[in-house]
Amino acid sequence: MPPGKRAAAVVGVALSDCGRLDTATPYALHAQAARRALADSGLDRSLVDGFASAGLGALAPVDVAEYLGLRPTWVDSTSVGGSTWEVMAAHAVDAIMAGHANAVLLVYGSTARADIKAGRRTSSLSFGTHGPAQFEVPYGHTLVAKYAMAARRHMHQYGTTLEQLADIAVQTRANAAHNPHAMYRAPITVDDVLDGPVIADPFTKLHCCIRSDGGCAVLLAAADYAADAAKPPVWVLGAGTAVSHTTMSEWEDFTTSPAAISGRLAFARAGIAPQEIDVAQLYDAFTYMTLVTLEDLGFCPKGEGGAFAAHGRLTVGGDLPVNTDGGGLSACHPGMRGLFLLVEAVRQLRGEAEEGRQVRKAGGRLPRLAVASGTGGWFCSSGTLILGRD
């Protein structure tokens with residue numbers, strides 16, 4: 001446990017129903033996840049004095065808090081894409097350590113898949129046409145195209161192959177096979193990935209995340225609250241955040257993400273080296289995200305991510321299990337997936353994952369240290385947390 005009464009720990013985590021939810025509403029998923037996370041913690045809802053939410057409502061998180069019957073005295077509505085939840089968690093830890101909050105609830109829910117199926121929304125080709133984006137949008141530069149360009153640059157500069165990228169999707173699906181809540185569990189091969197329809201060169205369909213419905217919640221609390229929780233606390237040992245760019249023309253190096261900064265800060269603040277990590281949960285809207293984040297967090301040198309991730313290393317039984325629930329590529333991806341990374345990291349450290357996907361280290365011991373690193377936009381932002389159990 002970190003020193004000091006105001007140390008912060010994750011004391012409750014939960015998923016809402018996930019997958020194909022044609023009749024659910026985002027508010028209902030928020031509420032379901034929040035109730036389950038509070039039940040998981042064993043703490044009373046009256047103790048929650050901090051609340052963080054993004055992506056729903058005209059006054060997020062005010063109207064979501066009202067829907068949940070909460071009246072927090074500390075709130076956060078930071079919205080930086082998929083890394084939102086790691087950044088919010090870092091803010092919550094700071095608030096807890098400063099004594100500005102005692103228990104902070106982070107909640108997310110989305111019916112992105114159901115909304116598109118019902119015609120309530122369409123797929124977004126861009127995030128908007130205002131500000132600097134106005135100089136790129138007229139040329140049809142979609143989000144997936146931005147990631148595809150970055151992947152091509154990495155392939156050109158370092159010799160990374162399509163087969164190496166495809167193998168990441170294969171290993172992630174192998175992890176999903178043991179998750180009864182994953183949307184896609186059937187095994188795939190490298191050839192399956194390579195032979196799929198092209199979405200944006202070099203990405204075929206299986207290089208890209210799925211679209212699902214679902215939500216989740218995480219409750220963080222001060223050490224004195226954590227002592228009364230139903231389960232052993234998982235401590236936040238260090239956190240780092242960083243932003244990079246919004247337009248491709250301002251991105252200095254397509255092969256480096258802001259995780260290179262957020263990761264360095266998080267590891268330094270935790271006093272932990274990447275080689276000590278037992279399990280990693282990384283944002284994976286595309287296979288290239290996994291590869292470059294592994295490099296930028298320091299698990300391997302720049303340009304060697306493809307070789308590092310090979311030979312089953314990222315599977316539950318591999319040297320560095322990554323996205324043990326099946327990730328955004330196979331398990332679920334309702335939008336801003338970063339909070340799901342924290343839920344899975346905590347469950348792995350507690351030893352709560354199902355048989356077949358629970359990570360076990362030498363001698364059968366449970367993992368002790370985890371990293372969760374979220375990415376927002378097209379490598380525009382990053383938040384990284386180092387988590388550990390007693």
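Throughout, residue positions are numbered sequentially from 1 according to the sequence presented.
The aromatic ring centres of Tyr288 and His154 sit less than 6.0 Å apart. Note: Tyr283 and His333 meet the aromatic proximity criterion, with ring centroids under 6.0 Å apart. The ring of Tyr147 has its center closer than 6.0 angstrom to the ring center of Phe379. You'll find the ring centres of His100 and Trp74 outside the 6.0 Å limit.
You'll find the side chain of Val371 reaches within 4.5 Å of the side chain of Thr384, heavy atoms only. Proximity of Ile96 to Val236: side-chain heavy atoms (C-beta onward) are nowhere separated by under 4.5 Å. For the pair Pro202/Arg152, a side-chain contact is recorded, criterion being any heavy-atom separation below 4.5 Å from C-beta on. Side-chain atoms of Lys146 and His141, non-hydrogen and from C-beta on, do get closer than 4.5 Å to each other. You'll find the side chain of Lys361 reaches within 4.5 Å of the side chain of Pro321, heavy atoms only. A 4.5 Å side-chain heavy-atom check between Ile199 and Thr204 finds every atom pair outside the cut-off. In this structure, Leu70 and Leu105 have side chains that are in contact, with non-hydrogen atoms separated by less than 4.5 Å.
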**OP:** Applying side chain to side chain contact (heavy atoms under 4.5 Å, CB included), run through Thr172 and Leu314 and close with a yes or a no.
**Re:** CA-CA 8 Å; Thr172 307; Leu314 310 186; 5.9 Å; no

Original post:
Going through the distances and angles, do Arg36 and Asp17 end up as a salt bridge (Lys or Arg N to Asp or Glu O under 4.0 Å)?
Top reply: CA-CA 11 Å; Arg36 290 175 178 178; Asp17 294 345; 3.1 Å; yes

**OP:** Evaluate side chain to side chain contact (heavy atoms under 4.5 Å, CB included) for Val13 paired with Leu342, printing each intermediate quantity in order.
**Re:** CA-CA 8 Å; Val13 297; Leu342 297 178; over 6 Å; no

**OP:** Might you work through the side chain to side chain contact (heavy atoms under 4.5 Å, CB included) test for Asp192 and Thr189, ending with a clear yes or no?
**Re:** CA-CA 5 Å; Asp192 290 334; Thr189 66; 3.2 Å; yes

Original post:
After noting the C-alpha distance and the side-chain angles of Glu344 and Arg357, does the key distance pass the salt bridge (Lys or Arg N to Asp or Glu O under 4.0 Å) rule?
Top reply: CA-CA 11 Å; Glu344 179 64 12; Arg357 73 178 187 90; 2.5 Å; yes

**OP:** Please step through side chain to side chain contact (heavy atoms under 4.5 Å, CB included) for the pair Gln358 and Gln348, ending with a clear verdict.
**Re:** CA-CA 6 Å; Gln358 175 60 57; Gln348 285 290 339; 3.2 Å; yes

Original post:
Going through the checks in order, is the salt bridge (Lys or Arg N to Asp or Glu O under 4.0 Å) test met by Asp278 and Arg368?
Top reply: CA-CA 7 Å; Asp278 295 313; Arg368 188 178 65 88; 5.3 Å; no

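Taken to the nearest 0.5 Å, the CG atom of Leu297 stands 7.0 Å off from the OG atom of Ser382. A distance of 11.0 Å separates CG in Asp44 from OH in Tyr225, rounded to the nearest 0.5 Å. In this structure, CG in Asn175 is found 8.5 Å from CG in Asp325, a value given to the nearest 0.5 Å. Distance CG/Leu385 to CZ/Arg269: 11.0 Å, rounded to 0.5 Å. Note that the CG atom of Asn179 and the CG atom of Asn323 stand 11.5 Å from one another [nearest 0.5 Å]. Summarising the geometry, atom CG belonging to Leu291 is positioned 4.5 Å from atom CD1 belonging to Ile168; distances are rounded to the nearest 0.5 Å.
For the pair Glu250 (side chain) and Thr247 (backbone), a donor-acceptor distance under 3.5 Å is absent. Side-chain atoms of Arg347 do not come within 3.5 Å of backbone N or O of Glu354 as any donor-acceptor pair. With hydrogens and angles disregarded, no donor-acceptor distance shorter than 3.5 Å links the side chain of Glu163 to the backbone of Val190. Side chain of Ser83 to backbone of Glu86: no donor-acceptor contact under 3.5 angstrom is found. Under a 3.5 Å cut-off, the side chain of Glu136 and the backbone N or O of Met248 do form a donor-acceptor pair. Asp296 places a side-chain N or O within 3.5 Å of a backbone atom of Ser257 that can act as its donor or acceptor partner. A donor-acceptor pair is defined here as one N or O able to donate and one able to accept, closer than 3.5 Å; no such pair exists between the side chain of Ser212 and the backbone of Cys332. Checked by atom type and distance alone, the side chain of Asp49 never pairs as donor or acceptor with a backbone atom of Thr73 at under 3.5 Å. Asp213 places a side-chain N or O within donor-acceptor distance of the main-chain N or O of Arg113, the cut-off being under 3.5 Å. Of the possible polar contacts, one joining the Thr315 side chain to the Gly312 backbone as a donor-acceptor pair under 3.5 Å is found.
Smallest separation of non-hydrogen atoms from Val11 and Ala229: CB-CB, 4.0 Å. In terms of heavy atoms, Gly57 sits closest to Tyr27 at CA-OH, 3.6 Å. Scanning both residues, Gly214 and Ser16, for their nearest heavy atoms gives C-OG, 3.6 Å. Minimum heavy-atom separation, Leu329 to Leu206: CD2-O, 4.3 Å. Closest non-hydrogen pair, Ile188 versus Val170, comes out as O-CG1, 3.3 Å. Between Arg71 and Ala65, the closest heavy-atom pair is NH1-O, 4.5 Å.
Side-chain atoms of Ser330 and Arg173 form a donor-acceptor pair, as typed in the model, at a separation below 3.5 Å. Counting only N and O atoms by type, the side chains of Asp76 and Thr78 include a donor and acceptor under 3.5 Å apart. Gln171 and Asp167 are linked by a side-chain donor-acceptor pair at a separation below 3.5 angstrom, with hydrogens and angles left out of the test. For the 3.5 Å distance criterion, the side chains of Thr324 and Gln281 qualify, holding a donor opposite an acceptor.
Linking Ile, Leu, Val, Met, Phe, Trp and Tyr residues whenever their side-chain heavy atoms come within less than 4.5 Å leaves Phe340 and Leu219 in two separate clusters. A continuous path of Ile, Leu, Val, Met, Phe, Trp and Tyr side chains, each step under 4.5 Å between heavy atoms, connects Met149 with Leu162, placing both in one hydrophobic cluster. A single hydrophobic cluster is seen to contain both Phe299 and Leu341, as judged by linkage of ILVMFWY side chains at heavy-atom distances under 4.5 Å, directly or through other members. Transitive grouping of hydrophobic side chains (ILVMFWY, heavy atoms separated by less than 4.5 Å) keeps Tyr158 and Phe203 in distinct clusters. Taking hydrophobic clusters as Ile, Leu, Val, Met, Phe, Trp and Tyr residues chained together by side-chain heavy-atom distances below 4.5 Å, Val218 shares a cluster with Leu349.
Cation-pi contact between Arg20 and Tyr184: present, with separation from the ring centre below 6.0 Å and deviation from the ring axis of at most 45°.
Atom NZ of Lys205 has 12 or fewer heavy atoms from other residues, nucleotides or ligands within 6.0 Å. The environment of CE in Met155 is crowded: more than 12 heavy-atom neighbours from other residues, nucleotides or ligands sit within 6.0 Å.
Put simply, the residue from Val104, Leu68, Val62 that forms a side-chain contact (heavy atoms from CB on, under 4.5 Å) with Phe51 is Leu68.
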